[in-house]
Amino acid sequence: KVWEWKAESGGAITRQLRRLGASCDWANERFTMDEGFSKAVTRVFVELHKRGLAYRDKRLVNWDPRFQTAISDLEVETREVQGKFWTLKYPLADGSGAIQVATTRPETMLADMAVAVHPDDERYAGIVGKQVKLPITGRLIPIVADEHADPELGSGAVKITPGHDFNDFEVGKRAGFKPAEMLNMFDGTARVLQTSDGSIPEGLLGLSREAARKAVVELLEREGALVSVEDRVIATPYGDRSGVVIEPWLTDQWYVDAAKLVVPVLEATGSGAIKIVPETWKKTWFNWLENIQPWCVSRQLWWGHRIPAWYGPELDPSGKPILNADSMLDNRSPHRIFVGETWEEVCQSAQQSYGSEFKIIEGSSDDSYGTVRAVDALDEERDSKVYIPLWRDLDVLDTWFSSALWPFATLGWPEETDELKRHFPNDILISGFDILFFWDARMAMQGIEFMGTPPWKTLYLHGLVRDAHGQKMSKSKGNTVDPLGLIDKYGADALRFTMAAMESQGRDIKLDEKRVEGYRNFATKLWNAARFLQMNGVGASTSIAAPEAKLPVNRWIIGEVVETLAKLDKAFADLRFDDMADAIYHFTWGTFCDWYVELVKGELNAPQVGSETRAVAAWAFDQILVMLHPFMPFVTEELWGAMGTRPYELIVAKWPAPEAAVDAASKAMVEQAVGVIDAVRAMRSELNIPWTASLTPYLVTDLSDLKSTGEAIGAMELFRPQLRQMAKLNDVLEVHTPPPGSAQIVVNGATIAFPLGDAIDLDAERGRLSKALEAAEKDRDGLATRLGNAAFTERAKPEAVDKARADHAERALEAERLAAALARLG
RNA sequence: GGGCGCGUAGCUCAGUGGUAGAGCACUGUGUUCACACCGCAGGGGUCGCAAGUUCAAUCCUUGCCGCGCCCACCA
């Protein structure tokens, strides 16, 4: 049944991954309960035990009374709960007075074993060592001196319940109590159980924690032992899965000596052998590792890796086994522990331990059956040997114990497989920070312990997806987003791209559906661009390197690809997925679609330049597909195939290698043309010049700046068809003074006038120019002020001063041109 | 109590010691033969508050206000 559930749940997870387009090695799927993996788990446990790093210990654990199992510190979550604070009065046994103690859990007084005061607390100096007679139970308990008691708090005296409080456990040990002697007053479901001294009144037995509290408080009140009650907010431990209050409970459990395993992890992180990204997590990482507690790894569950430990009876002085099978498994009777990977191995070490006069047999996991068999065997004394039954531990290992082995156990360890050699260690682990301690830290610990090196070089911690209100998504809150729903609506590509674009290091992601929609539109845009290219005879590129190109537009777009690629490479090296997404998005839409495609529309099938342009367009588009593929694998792969016959699929295509450089001259020319088009469009829009009206541009020659004029005219000549198409401009004319009634634009130091005759709205044009002039003057003057400041020119970095000078010159020139244009208007 | 982080355009978020950016939303405009899931143009921010360091601070330092998370034994 559970395996069915596992198949279903695991299937759902892998289905989601597949639909997201995760490129996994599906043939090598692994589950931690697979046979091979289980073998690795057993091996690790046995090895840790051999090395003294896994051991059985009796101490307080976090006990979950609902699931009736121990859990680790990490599975406990502290919640602030409204509670009460009771002050109690315990009478001294010699009748010489009473001592007050305070508690938030009055019911635990039934298992009190001492009252502690601070050694330096003069108020109590005289009574340390005296006995107190505990109300209700009448138990006599000592007053002890211990640093734990804080004189500032309450009365300065504190009741000590070593069996039910982590602090008190430590105090109790210091006061000389052995864990085995510590009183326990709860059973596994947290109902009141008689303590070993039998002092709890009958009426209280079997009550739940809550009921016991009520009853105890009533009894205390009746005895006059209750001094006061006040309301108080109490930090209370809850099981993160069960949601019930966790009970500190005294049991025997298996522990892993995490403090030892952590030493090389700290070293590796310190030396940089493990790099943590973003770095801010380093502090958290160190802080946790440096304060790590023994890791409780045994769980009283029936699903998981069974602990490979067997218990056998201790021998009494006469050499007979002490068979108390019903108490053997929880180690309440004297026992010996055997740990081994197989029954044979365990048998062997047991034989060695007990001696050859004994015969080792396997005790049934059903206690009574094992007892009977063992006793029968004893009676018969067959082979004249005494039979020793060994019972295997019923507990299973914490799931994170096996998960921690993932980086190497999946690769066949402990066998020395080729996969292991090839894939261990990994370059990078990408993980949510919510499992930083649960999983990542333990992978690091076990990886170094068993493989000698950290399991990965970089640990990248990404943000968590939160809902629209910033709440963490959880099944219990019901605010989870099903990725499949979003995929159905917008496509996996859009979802993936959104995730990448939102993943700036470390910060959480509030998923905004509008954003997903926007990237769906982006995918559509790409699709349409491909369609257009195909319609114009552009197919698959035949080369990986950029094609030879003469035309400036083509040389320019090749340079743009080179620059975009550099941005992507840089962002990737920095693990900035948002920057990568941003760069490819803007190149594709803003540069390629909005400008390149528009600029070459007329050239694609032109007689002279057509083939070159088609080749460049095909190549550039291919580069987009390759660069975009990691983010949008589905559309890009589809288009890759649609553009032409390919020797291989996009998913295995090599990352772009243009073998080309940015051509500054082409770039300048294209930018000049683009500047003109932009300015004309803005002018048309602001002056309400209908799009259908073509305009004749008059380039105003400036004898003092023939360079700007020349460049402008060159670019405008070169892009004459594009200017006609994209800005509705007639052929350019050169003049020294523009005709009256002209609208004017200033682009890179060149002034272009458009005679509008009577059609011009002089006020609008004046307003337009004034506004631009004002902006230019403001910038110019601001820069002038700064440059006039001796402190700036002397102390600022030379680059900053140079830049200010250059900016100032540019803005000043622009202002001058605009002022002239304005003056011409009259 | 300790630690980490956040507060930047209406919203969701980037960002840099040299007078701020994106997407969406918004306004105007356009159905020109890739795309209205579109094109074109445009408006919008005293970068939480205060002080300090600096020639210069949104960016560094300190304090404060508001918010989130993690860790922790205050009975």
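Worth saying up front: this structure is predicted, and the values here are computed from it rather than measured.
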Protein N or O to nucleotides 1-3 of chain B N or O, pairs below 3.5 Å:
none

Separation of atom [atom1] in [X] from atom [atom2] in [N], rounded to whole Å:
| X | N | atom1 | atom2 | value |
| --- | --- | --- | --- | --- |
| A:K510 | B:rU12 | NZ | P | 5 Å |
| A:D508 | B:rC13 | CG | P | 10 Å |
| A:I509 | B:rU12 | CD1 | P | 15 Å |
| A:K567 | B:rA22 | NZ | P | 13 Å |
| A:E107 | B:rA75 | CD | C1' | 13 Å |
| A:D781 | B:rU19 | CG | C1' | 14 Å |
| A:N789 | B:rU54 | CG | C1' | 12 Å |
| A:I292 | B:rC71 | CD1 | P | 13 Å |

Ion pair present between [X] and [Y], side-chain N to carboxylate O less than 4.0 angstrom?
| X | Y | answer |
| --- | --- | --- |
| A:R515 | A:E517 | no |
| A:R105 | A:E247 | yes |
| A:D807 | A:K803 | yes |
| A:E513 | A:K489 | yes |

Please work out which of the three classes, parallel, tilted or perpendicular, describes the rings of A:W249 and A:W63, given edges at 30° and 60°. tilted
Distance check: side-chain N/O of [X] vs OP1/OP2 of [N], anything under 4.0 Å?
| X | N | answer |
| --- | --- | --- |
| A:R786 | B:rU19 | yes |
| A:K771 | B:rG43 | yes |
| A:W527 | B:rC38 | no |

When you compare [N] with [M], how far apart are their [atom1] atoms, in angstrom units rounded to a whole number?
| N | M | atom1 | answer |
| --- | --- | --- | --- |
| B:rU58 | B:rU19 | C1' | 10 Å |
| B:rG7 | B:rA14 | C1' | 15 Å |
| B:rC37 | B:rA25 | P | 11 Å |
| B:rG68 | B:rU8 | P | 15 Å |
| B:rG5 | B:rA75 | C1' | 32 Å |

Residue pairs passing the salt bridge (charged side-chain N to carboxylate O under 4.0 Å, His left out) test where at least one lies in residues 580-599 of chain A, sequence neighbours excluded: A:E598-A:K601
Non-neighbouring partners of A:E810 that pass salt bridge (Lys or Arg N to Asp or Glu O under 4.0 Å), sequence neighbours left out: none
Residues at least two apart in sequence or cross-chain that pass salt bridge (Lys or Arg N to Asp or Glu O under 4.0 Å) with A:R786, listed by chain then number, are none
Nearest of [options] to any side-chain atom of [X]?
| X | options | result |
| --- | --- | --- |
| A:T280 | B:rG5, B:rA14, B:rC74 | B:rG5 |
| A:R515 | B:rA75, B:rG5, B:rU12 | B:rU12 |
| A:F437 | B:rC70, B:rA75, B:rA41 | B:rC70 |
| A:S504 | B:rG23, B:rC13, B:rG42 | B:rC13 |
| A:A682 | B:rU12, B:rG18, B:rA41 | B:rA41 |
| A:N521 | B:rG18, B:rU12, B:rC38 | B:rC38 |
| A:W589 | B:rA75, B:rA41, B:rG39 | B:rG39 |

Check against side-chain hydrogen bond (donor to acceptor under 3.5 Å, both in side chains), A:E503 and A:Y460: CA-CA 12 Å; A:E503 174 53 19; A:Y460 180 94; 2.8 Å; yes
Is [X] touching bases, backbone alone, or none of the nucleic acid, heavy atoms closer than 4.0 Å?
| X | result |
| --- | --- |
| A:G782 | base |
| A:D165 | nothing |
| A:K159 | nothing |
| A:A149 | base |

Of A:L74 and A:D582, whose closest RNA chain B nucleotide lies nearer the 5' terminus?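 The residue whose closest nucleotide sits nearer the 5' end is A:D582.
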Does A:D678 or A:Y519 map to a spot on RNA chain B nearer the 5' end, using the closest nucleotide for each?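 So the residue in question is A:Y519.
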Sub-3.5 Å pairs of nitrogen or oxygen atoms, protein against nucleotides 27-34 of chain B:
residue	atom	partner	partner atom	Å
B:rA34	O2'	A:R531	NH2	3.2
B:rA34	N7	A:K601	NZ	3.4
B:rA34	N6	A:E598	OE2	3.0
B:rA34	N3	A:N528	O	3.2
B:rA34	N3	A:A529	N	3.3

Distance-only donor-acceptor test, A:R681 side-chain atoms vs B:rC40 base atoms, 3.5 Å: no
Trace of the side-chain contact (heavy atoms from CB on, under 4.5 Å) decision for A:Q722 with A:L599: CA-CA 6 Å; A:Q722 285 85 355; A:L599 288 169; 3.7 Å; yes
When rounded to the nearest 0.5 angstrom, what is the spacing between NZ in A:K525 and OH in A:Y519? 15.5 Å
Is the centre of the A:F532 ring less than 6.0 Å from the centre of the A:F621 ring? no
Whether the A:N688 and A:D761 side chains hold a donor-acceptor pair (N or O, under 3.5 Å, no angle test) is what I'd like checked. no
Scan side-chain atoms only and decide if A:W285 and A:T269 contain a donor-acceptor pair under the 3.5 Å cut-off.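 There is such a pair between these side chains.
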With Watson-Crick and G-U wobble geometry limited to distances under 3.5 Å, how should the secondary structure of RNA chain B be encoded in dot-bracket form, using | for bases paired to another strand and [ ] for crossing pairs? (((((((..((((.......)))).(((((.......))))).....(((((.......))))))))))))....
